[in-house]
Amino acid sequence: MPNSIKITTWNINSVKVRLPNILLWLKEAAPDVVLLQELKCVDEKFPRMEIEDAGYNIEIHGQKTYNGVAILSKSPIEDVKRGLPGDTDDEQARYIEGTVFGKLRVASLYLPNGNPMGSDKFKYKLAWMDRLKAHMASSLMDDELRLWGGDYNVIPTDSDVYNPAAFTNDALTQPESRARFRAMIHLGLTDAFRAFNTLPHQYSYWDYQAGAWAKDNGLLIDFLLLSPLIADKLCSAGIDKNPRGREKPSDHTPVWCEIELN
DNA sequence: ATGCCAGGTAACACCTGA
């Protein structure tokens with residue numbers, strides 16, 4: 001077992017289109033665990049062989065056209081559970097968790113966007129956040145090492161968006177969304193990136209349109225939240241902007257942290 | 001502010017995203 005492991009979350013916006021970028025990035029960034037979102041494919045269509053050849057075990061919770069999440073790990077992935085507890089009617093593939101390196105339980109989550117305001121989608125977002133927080137709370141009752149990473153689709157503060165005024169009526173900035181995100185943090189979780197970087201205007205997403213990337217008009221919406229015992233082992237964290245600048249990029253870029261496992 | 005971009009599905013247009 002390595003002394004420290006690097007864990008990354010990345011919303012890839014279609015695993016099929018992004019495969020060349022993913023393989024290049026796996027080689028250069030050499031993460032030990034990867035939490036992927038927005039696969040946009042069913043399990044059978046996932047490019048399993050190519051990613052296994054890069055040295056990863058794979059667990060998938062796929063869906064046609066929309067959503068889809070996965071865990072990649074250089075270690076075996078054990079005790080995998082698909083779907084967020086709390087609503088058996090929820091058919092959207094937005095949550096998967098499993099145990100990596102024999103001791104760390106990680107989740108890859110794709111929180112609903114929730115736009116437009118006033119729609120059922122916003123209600124679904126808030127209900128999903130309530131379910132996630134409840135699951136986190138019950139999981140934290142034991143002392144298991146836990147990490148919840150993914151696209152949270154929440155802009156936590158006005159410093160996490162290039163132009164707050166443009167987002168006043170957006171589901172990502174609503175007080176209801178922000179309060180629920182804070183409530184998760186207040187369970188005792190540590191935002192890995194913010195443990196090392198308190199500068200405002202650090203982003204993980206840039207819209208494809210209107211030259212957002214070139215103008216650094218971004219949003220910070222991708223997070224790695226760590227339970228207390230694993231947060232104590234946090235060595236470093238950051239945002240890897242390289243993949244966003246490539247040809248055929250995802251609109252999100254990877255967010256990573258490094259953890260002492262021993 | 002939106003759907004100017006991007007991806008998917010299906011089918012030569014429409015849905016979703018944040």
Side-chain angles (χ1 to χ4, degrees), chain A residues 9-23 25 35-47 60-70 90-95 108-129 132 149-181 201-223 239 241 243-255:
Chain A
T9 181
W10 190 12
N11 179 322
I12 50 176
N13 187 20
S14 168
V15 69
K16 181 183 163 197
V17 172
R18 215 65 59 214
L19 184 60
N21 278 3
I22 293 169
L23 293 174
W25 171 79
L35 310 170
L36 297 177
Q37 301 88 36
E38 279 209 86
L39 310 178
K40 293 186 172 179
C41 75
V42 294
D43 295 14
E44 298 73 34
K45 295 266 180 73
F46 190 92
I60 307 159
H61 185 30
Q63 183 180 335
K64 189 178 178 182
T65 311
Y66 307 115
N67 311 315
V69 287
D90 187 357
E91 290 179 347
Q92 300 190 29
R94 296 178 175 275
Y95 190 91
S108 176
L109 65 94
Y110 177 42
L111 210 145
N113 171 299
N115 280 309
M117 293 299 302
S119 67
D120 284 345
K121 291 182 179 179
F122 188 60
K123 286 180 201 151
Y124 175 68
K125 178 195 188 97
L126 298 183
W128 206 94
M129 294 187 86
L132 177 59
D151 176 357
Y152 281 74
N153 264 321
V154 175
I155 298 168
T157 75
D158 281 352
S159 300
D160 299 313
V161 50
Y162 67 99
N163 178 12
F167 283 78
T168 49
N169 200 34
D170 193 287
L172 279 63
T173 64
Q174 293 312 298
E176 297 94 325
S177 310
R178 286 177 167 173
R180 281 167 175 79
F181 183 77
H201 306 297
Q202 307 296 298
Y203 305 130
S204 63
Y205 165 93
W206 297 259
D207 199 301
Y208 287 119
Q209 299 177 82
W213 168 246
K215 291 187 274 190
D216 197 27
N217 285 348
L219 317 174
L220 182 60
I221 54 177
D222 300 272
F223 303 97
I239 297 173
K241 290 167 80 168
R244 186 61 182 83
R246 298 214 163 100
E247 292 297 311
K248 297 291 279 180
S250 169
D251 38 8
H252 296 250
T253 214
V255 178

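Letters A, B, ... mirror the listed sequences (proteins, then strands); counts begin at 1.
The interatomic distance linking A:Arg94 (CZ) with B:dT16 (C1') rounds to 11 Å, in whole Å. If you measure from atom CG of A:Asn169 to atom P of B:dT2, you get 8 Å, rounded to the nearest angstrom. When the C1' atom of B:dG17 is taken as reference, atom CG of A:Leu111 falls 14 Å away, rounded to whole Å. Between the CG atom of A:Leu172 and the P atom of B:dA1 there is a distance of 14 Å, rounded to whole Å. If you take CD1 of A:Ile12 and C1' of B:dG17, they are 15 Å apart, rounded to a whole angstrom. Between the CG atom of A:Asn67 and the C1' atom of B:dG17 there is a distance of 10 Å, given to the nearest Å. One atom, NZ of A:Lys215, and another, C1' of B:dC4, lie 11 Å apart when rounded to the nearest Å. With rounding to whole Å, A:Asn11 atom CG is found 13 Å from B:dT16 atom C1'.
As rounded to the nearest Å, B:dT16 and B:dC4 have P atoms that lie 15 Å from one another. Rounded to the nearest Å, the gap between the P atom of B:dA10 and that of B:dA6 is 23 Å. Spacing of C1' atoms, B:dG17 relative to B:dT2, comes out at 13 Å, to the nearest Å.
Not a single side chain to side chain donor-acceptor pair (under 3.5 Å) links A:Gln174 to another residue, sequence neighbours left out. Residues forming a side chain to side chain contact (heavy atoms under 4.5 Å, CB included) with A:Lys215 (at least two apart in sequence, or on another chain): A:Asn217. Residues that satisfy the side chain to side chain contact (heavy atoms under 4.5 Å, CB included) test with A:Asp170, not counting sequence neighbours, are A:Asn115, A:Phe167, A:Leu172, A:Thr173. Partners of A:Asp90 by salt bridge (Lys or Arg N to Asp or Glu O under 4.0 Å), not counting sequence neighbours, listed by chain and number: A:Arg131. For the ring pair (Phe, Tyr, Trp, His ring centres under 6.0 Å) test, residues two or more places apart in sequence or in another chain that qualify with A:Phe181 are A:Tyr152, A:Phe223. Scanning for side chain to side chain donor-acceptor pair (under 3.5 Å) contacts around A:Asp43 gives an empty result, with sequence neighbours left out. Take A:Tyr95 and apply the side chain to side chain donor-acceptor pair (under 3.5 Å) test, not counting sequence neighbours, and it matches A:Glu97, A:His135, A:Trp148. A search for side chain to side chain donor-acceptor pair (under 3.5 Å) contacts involving A:Gln92 returns A:Arg94, not counting sequence neighbours.
Base contact: A:Asp207 has a heavy atom under 4.0 Å from a base atom. A:Tyr152 comes within contact range of no nucleotide atom at all, as no heavy-atom separation falls under 4.0 Å. Residue A:Ile221 is classed as a sugar-phosphate contact, given heavy-atom separations below 4.0 Å to backbone atoms only. Within 4.0 Å of A:Asp222, counting heavy atoms only, lies no atom of the nucleic acid at all. When heavy atoms are screened at a 4.0 angstrom cut-off, A:Lys125 is found touching no nucleic acid atom at all.
A:Ser204 places no side-chain N or O within 3.5 Å of a backbone atom of A:His252 that could act as its donor or acceptor partner. In terms of modelled atom types and a separation under 3.5 Å, the side chain of A:Arg178 and the main chain of A:Ile155 share a donor-acceptor contact. Side-chain atoms of A:Arg244 never come within 3.5 Å of backbone atoms of A:Pro249 as a donor-acceptor pair (strictly under, hydrogens ignored). Remark: the backbone N or O of A:Ser250 is not paired with any side-chain donor or acceptor of A:Asn13 at under 3.5 angstrom.
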Hey, what are the protein-to-nucleotides 6-9 of chain B N/O distances that come in under 3.5 Å?
residue, atom, partner, partner atom, Å
B:dG7, OP1, A:Arg18, NH1, 3.1
B:dG7, OP1, A:Arg18, NH2, 3.3
B:dG7, OP2, A:Lys248, NZ, 2.7
B:dG7, O3', A:Ser14, OG, 3.1
B:dG8, OP1, A:Ser14, OG, 2.4

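Each of A:Ala165 and A:Pro116 has a nearest nucleotide on DNA chain B; the 5'-most of these lies closest to A:Ala165. Along DNA chain B, the nucleotide nearest to A:Thr168 and the one nearest to A:Ile155 differ in position, and the one closer to the 5' end is contacted by A:Thr168.
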Please, what dot-bracket string fits DNA chain B when only Watson-Crick and G-U pairs with both distances under 3.5 Å count, crossing ones use [ ] and pairs to another strand use |?
....(((((...))))).
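Taking every heavy atom of residues 173-181 of chain A and every atom of DNA chain B, no pair lies under 4.0 Å.
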Under 3.5 Å, which donor-acceptor pairs do the side chains of residues 159-166 of chain A form with other protein atoms, sequence neighbours left out?
residue, atom, partner, partner atom, Å
A:Asp160, OD1, A:Arg194, NH2, 3.0
A:Asp160, OD2, A:Thr157, N, 3.0
A:Asp160, OD2, A:Thr157, OG1, 2.9
A:Asn163, OD1, A:Ala165, N, 3.3

